[in-house]
Amino acid sequence: MLEGVNTEYYVILSAILFALGLVGVLIRRTAVLVFLSVELMLNAANLALVAFARAWGDLIAQSAVFIVMTLAAAEVAVGLAIIVTIFRKRASTNVDGLAELRG
């Protein structure tokens, strides 16, 4: 089914997704949306890795995808816990207001 799709299309889609995630990180002011944008960027990197693994017929990149997925799951667990804690304390997750949390 996907045999006719060239690797370039996957890489282009990955670049578009990564750019959307980067724009989301730079523009959005809510921590949850910044968090989701980072996840979009990680998934774009995963898509590119899988596309290259498919093109080269090598499984090393797919192994890297599993590592990235594991790190993303850990990031979700820790990041959401931090965001929920901040929201409970401040009733807002605006990233501009979080600058005062610096040590």
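Atoms considered below: every heavy atom in the structure, side chains included; atoms not considered: hydrogens, waters and symmetry mates.
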Novice: Which heavy atom in A64 sits nearest to a heavy atom in L49, and how many Å separate them?
Specialist: CB-CD1, 4.2 Å
Novice: What distance separates I12 CD1 from N6 CG, expressed to the nearest 0.5 Å?
Specialist: 9.5 Å
Novice: Shortest non-hydrogen contact from T85 to A81?
Specialist: OG1-O, 2.8 Å
Novice: Same cluster or not: L71 versus L47, using hydrophobic residues (I, L, V, M, F, W, Y) connected whenever any side-chain heavy atoms lie under 4.5 Å apart?
Specialist: no
Novice: Are V34 and V23 linked, directly or through intermediate hydrophobic residues, by side-chain heavy-atom contacts shorter than 4.5 Å (ILVMFWY only)?
Specialist: no
Novice: With a 3.5 Å distance limit and no angle check, can you tell me whether S37 reaches the backbone of L33 through a side-chain donor-acceptor pair?
Specialist: yes
Novice: Taking V32's backbone N and O only, do any of them form a donor-acceptor pair with T30's side chain (distance below 3.5 Å, no angle check)?
Specialist: no
Novice: Around atom CG of L26, are there more than 12 heavy atoms from other residues, nucleotides or ligands closer than 6.0 Å?
Specialist: yes
Novice: Is there a path from M69 to V50 through hydrophobic residues (I, L, V, M, F, W, Y) whose side chains come within less than 4.5 Å of each other?
Specialist: yes
Novice: Nearest 0.5 angstrom please: L17 CG to L22 CG, how far?
Specialist: 12.5 Å
Novice: Please determine whether residues L36 and I83 belong to a single hydrophobic cluster, defined as Ile, Leu, Val, Met, Phe, Trp and Tyr linked transitively by side-chain heavy-atom distances below 4.5 Å.
Specialist: yes
Novice: Please find the pair of heavy atoms, one from R29 and one from N94, that lie closest to each other, and give the distance.
Specialist: O-OD1, 3.1 Å
Novice: Starting at CZ of F66, measure out to CG of L59 and round the result to the nearest 0.5 Å.
Specialist: 9.5 Å
Novice: Do F52 and V11 have side-chain heavy atoms sitting under 4.5 Å apart?
Specialist: yes
Novice: Got L42 and E75 here, is their nearest side-chain heavy-atom distance under 4.5 Å?
Specialist: yes
Novice: With side chains defined as the heavy atoms from C-beta onward, is the minimum distance between V76 and F35 less than 4.5 Å?
Specialist: yes
Novice: Could you state the interatomic distance from CD1 (I16) to CG (L40), rounded to the nearest 0.5 Å?
Specialist: 11.5 Å
Novice: Say you draw a straight line from CD of Q62 to CD1 of I67; how long is it, rounded to the nearest 0.5 Å?
Specialist: 12.5 Å
Novice: Would a 4.5 Å heavy-atom cut-off, applied to side chains only, mark M41 and V25 as touching?
Specialist: yes
